[in-house]
Amino acid sequence: MNSPSEIRTIGVLTGGGDAPGLNAVLRAVVRRAMHDRIRVLGIHHGWRGLIEGKIEPLTRYSISGILPRGGTIIGTSRINPLEKDPKFERIRHNWEKFGLDAIIVVGGEGTLSASLDVWRNGFPLVGVPKTIDNDLRGTDYTFGFDTAVSIAAEALDRLHSTAESHDRVMVVEVMGRHAGWIAAAAGIAGGADIVLVPEHPFRLSKICEIINQRKKMGRFFSIIVVAEDAHPHSDEWFLTEEEEKTVYQHTRMGGIGEILGRKIEEKTGIATRVSILGYIQRGGTPTAFDRILATRLGIKAVDMILDGEFGKMAAIRGTKMVSVPLAEAISGVKPLDEELYRAAQVFFG
Ligand code: F6P
């Protein structure tokens with residue numbers, strides 16, 4: 001493959017669930033590459049585009065105006081090029097057909113895991129971390145997280161006023177897969193009375209105690225944030241086998257909020273309503289923080305290609321852009337920071 005000084009054409013793909021800021025990365029890659037007269041090709045719908053040859057130039061014109069736009073203009077998919085029969089021959093064919101010298105893979109754990117194998121099979125690439133869940137190792141933040149938290153915090157503000165008017169308990173289910181980053185951060189920003197995260201199994205009896213205690217103090221409403229993978233403690237387990245299977249299945253999580261809401265109403269006698277924020281957390285315009293982070297990561301990824309830093313991922317550590325081995329980024333879920341959880345916990349009750 002080519003040495004960094006011979007880099008003329010870079011491909012870029014976005015894989016996995018979308019996250020606000022993807023377009024900011026694409027824009028930054030194109031604008032940074034232009035400074036070195038490098039052509040950028042957009043690979044459509046993640047790995048699928050590389051396998052099927054759906055690849056088109058990204059020009060200054062095509063990326064104009066996309067900075068504030070949610071989603072990704074080149075589409076995404078959860079296709080894994082290594083599942084069942086590895087598609088290296090198809091990738092090699094299109095790699096040569098489109099004259100690719102290196103690619104930038106923007107994705108979460110699944111997409112970046114595949115990247116590592118693709119790179120090990122001789123394709124120069126660098127990764128850019130993306131997920132609203134903020135659960136990737138090797139980087140302090142992923143873009144999309146700040147936007148998701150802001151959306152959830154605004155929803156909590158709105159749910160406060162309706163819960164308070166009706167003296168109700170409001171259970172708000174948020175995304176995050178196996179980590180409680182969104183739940184804890186949104187809970188702090190939105191003034192939640194209880195936050196339930198996967199890292200800390202919860203007890204229904206304790207939740208009801210807090211709600212009843214608040215009532216005694218004249219707080220007739222309560223706001224409970226529950227992460228989609230939060231589990232009851234094994235000594236107070238209350239899900240049926242069927243419920244457990246649907247709520248915690250790996251491909252599509254969700255549903256703990258509804259079940260929990262029913263149980264709380266049963267046990268406390270207080271009217272309880274459930275709101276599932278769902279894909280609203282991923283849609284729409286990115287916050288300024290995410291736009292800046294995504295832009296810096298896109299620029300860093302092109303710099304890494306020019307420096308020959310393949311098999312690595314652009315990342316933010318503290319306030320600095322760095323590169324870290326892809327293997328580190330995919331070495332398991334980055335669990336919620338305990339200090340952040342404790343900050344949320346201060347306001348339980
Ligand atoms: O990883 C991001 C995420 O939004 C999770 O928070 C959520 O569980 C999952 O993706 C939903 O995935 P899909 O888009 O496949 O339904």
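In this chain, numbering begins with 1 at the start of the sequence shown. Atoms within each ligand, like the ligands themselves, are counted from 1 in listed order.
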### Query
When only distance counts, is G17 in polar contact with ligand 1, meaning an N/O pair under 3.5 Å?
no
### Message
Using the rule side chain to side chain donor-acceptor pair (under 3.5 Å), only one of H233, Q345, H231, E338 pairs with H200; which is it?
### Response
E338
### Query
Would S77 and R48 count as having a side-chain donor-acceptor pair, cut-off 3.5 Å?
no
### Query
So is R214 actually on top of F348's ring, under 6.0 Å and inside 45° of the axis?
no
### Task
Write out the residue and atom name of the closest protein heavy atom to atom 6 (O) of ligand 1, then the distance separating them to 0.1 Å.
D133 OD1, 2.7 Å
#### Entry: Pairwise distance CD(Q281) to CE(M175) - rounded to 0.5 angstrom
6.0 Å
### Summary
Among non-hydrogen protein atoms, atom 16 (O) of ligand 1 lies closest to Y279 OH, 2.4 Å
### Query
Would you call D167-K215 a salt bridge at under 4.0 Å N-O?
no
### Message
Tell me whether Q281 reaches ligand 1 (any heavy atom closer than 4.0 angstrom to a ligand atom).
### Response
no
### Message
Between T285 and R291, do the side chains contain a donor N or O and an acceptor N or O under 3.5 Å apart?
### Response
yes
### Query
At under 4.0 Å between heavy atoms, which part of R282 makes contact with ligand 1: side chain, backbone, both or neither?
side chain
### Query
What protein heavy atom is closest to atom 13 (P) of ligand 1, reported as residue, atom name and distance in Å?
R78 NH2, 3.4 Å
### Query
Going by the order shown, which atoms of ligand 1 are within less than 4.0 Å of some heavy atom of R177?
1 (O), 5 (C), 6 (O), 7 (C), 8 (O), 9 (C)
### Query
About how many Å separate CZ of F123 and OG of S115, when rounded to the nearest 0.5 Å?
12.5 Å
## Note on the structure
Short version for I132: what comes under 4.0 Å of ligand 1, heavy atoms counted, is side chain
### Message
So for G108, does at least one of its heavy atoms come nearer than 4.0 angstrom to any atom of ligand 1?
### Response
no
### Message
Within ligand 1, which atoms have a heavy atom of E228 less than 4.0 Å away?
### Response
5 (C), 6 (O), 7 (C), 8 (O)
